[in-house]
Amino acid sequence: MTAAGGPPRVRFAPSPTGYFHVGGARTALYNWLVARRLGGAFVLRIEDTDRERSDESWTEGILSALSWLGIDWDEGPYRQSERRDLYDEAARRLYAARLLYACDCQRADVEARNKDNPTPGYDGFCRDRGLEPGPGRALRFRVPDEGVTVVHDVVRGDVEFANSTIEDFVVIKSSGDPLFVLAVVVDDIAMGITHVIRAEEHLPTTPKAVLLWEALEGGALPVYAHLPVLVNEKRQKLSKRRDRVAVEDYRMLGYLPEAMRNYLALLGWAPADGREVLSLAELVDEFRLEDVNVSPAFFDEKRLLHFNGLYIRALDDAEFIDRSQPFLVAPYATWTDETFDPVPFERLAPLVKERVGTLGEVAPMVAFLFAEPFVMDEAAFAKAIANDPGARPILEAAYDVFSASPWDAESLKAELIAIAESAGRKLAKAQAPIRVATMGSAVGLPLFESLQVLGRERARARIAAALEHVGAEQD
RNA sequence: GGCCCCAUCGUCUAGAGGCCUAGGACACCACCCUCUCAAGGUGGAGACACGGGUUCGAAUCCCGUUGGGGCUACCA
């Protein structure tokens, strides 16, 4: 029987042993969606029973990443390191019921005995030795020799494990510290968890959890849901060491949390119709654990980028300007506070918004306005000016005409069209030298609006400088 | 090796026996739009791993093979 009826209580239980990656974020999201949809509770629990590898700074990173994603918790964060008494008590109960036994086997001994064993794992050597618990002795769970343990999983159906294939697993280390499988079950029971939603990699340990849950008389088993793993381009499970997929990295690159959330939600789940852009409210409303896919999904940054662009363009101008602020200072900005001016930025912002995939791309696009000294892309200069014999007359004409022309985008465009005509070029070809001379790049924001904001003096000064530069090179 | 999971375009997926000549999206290609770059529009190429069943009929159900993945710690 599984827990049913009533609002669900779910938990997200990361271990603070490294940076928070997108796989964990997806798991947290799915848990959160289940809780919010059914009016349940989302419990946050830090699984730091491994004192060697756990570090408080990783916990802080997890908390901040969750907050950034808009995933809030109703209880916690609990820390397993502070709940030691509960695990000790559970172990005492299990030992008293003769479900646990002490073991002093060393790994090497077990392996030596298992040399010819076709089904390796702990061989039960200490099962009936009657060793007293104590320092240097681990406590193992006595797994039934026969029968099967079934894991009822909403996404995978029933998964059966023959008890004969489950070894007598350690529950308390020889140091006396509890092992995660015990801590998890004790906590899930104590916290009234109704749904255990986690990554597929935990599926093999789930029968052990079920055995412990029953041994501890935890009542109705939780509903299990093992989500497909997220994989890299080589189809391997995303790993903190191998793959650069920290949520924090995406945040720093200028991804929007709502875009990340939307993308993550679609990794292993899709709404009934073909919609892909879904608001948080829609996600909460439509997400169903039963509809989660079973096969691994590749975390595709290209697709994430697409979603991010969509979300950025959907921002209204004022919000875009507001959200860009953190990305207009170092290390994104190549200028100093003294040379930055919010007014020109805000005037070009609507044009910037249409052209960036991440907020991290904003600063480079407007750097021509603020960076001192002005930075020139030498390759673009060579192509559009130095190696183009027609560039000089165009620049000279622009330099002259711009001295008196009305200074607005429309007039500037008209002037350049006239210059292009007399140079026998189309506007697309004629604008290149001016663009490179004034903006330092062959690509970027629309030229005329940019010139208008740049200002007559600076525009002409840059054209003059380009002329001088090309003159020097040709001498 | 053992246990377990998975298998639709390169990628994320729709598809729950006839609606499939397999739909959408990203990426890719072409064209249109266009002051560059984007964005946008139109079109194109691109998949049911294989073999057996079951059935009047299978991408959908069953079995097998192959392939991929996870776990196999006194990590989580």
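Note: hydrogens, waters and symmetry copies are ignored here, and every other heavy atom, side chains too, is used. Throughout, a chain's letter reflects where its sequence line sits, starting with A, and its residues are numbered from 1.
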Pairing partner of [N] (Watson-Crick or G-U wobble, both distances under 3.5 Å):
N	result
B:rU36	none
B:rC3	B:rG70
B:rC20	none
B:rA25	B:rU11
B:rC61	B:rG53

Next on the checklist: Ignoring hydrogens and geometry beyond distance, is the side chain of A:Ser174 in donor-acceptor contact with the base of B:rC74 at under 3.5 Å?
Outcome noted: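 Answer is yes: a donor-acceptor pair is held.
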Next on the checklist: Any N or O donor-acceptor pair under 3.5 Å from the base of B:rC3 to the side chain of A:Glu167?
Outcome noted: no
Taking 4.0 Å as the cut-off, does a side-chain nitrogen or oxygen of [X] come that near to OP1 or OP2 on [N]?
X	N	result
A:Arg355	B:rG40	no
A:Ser54	B:rA76	no
A:Asn293	B:rA7	no

Checklist entry - Just wondering, do A:Lys237 and A:Leu230 contact through their side chains at under 4.5 Å, heavy atoms? => result no
Next on the checklist: Tell me whether the NZ or CZ atom of A:Arg462 lies within the 45° cone about the ring axis of A:Phe374 and under 6.0 Å from its centre.
Outcome noted: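 Cation-pi check for A:Arg462 and A:Phe374: passes.
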Checklist entry - Hey, does the Lys NZ or Arg CZ of A:Arg261 hover above the aromatic six-ring of A:Tyr263, less than 6.0 Å from the centre and inside 45° of the axis? => result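 The answer is no, since A:Arg261 fails at least one limit relative to A:Tyr263.
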For nucleotides 22-24 of chain B, print each protein N/O atom paired with a nucleotide N/O atom at under 3.5 Å, atom names and distance only.
unit_1, atom_1, unit_2, atom_2, d
B:rG24, N2, A:Glu276, OE2, 3.2

Checklist entry - Taking the same atom, P, in B:rA14 and in B:rC6, what whole-Å distance lies between them? => result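 To the nearest whole Å, 15 Å.
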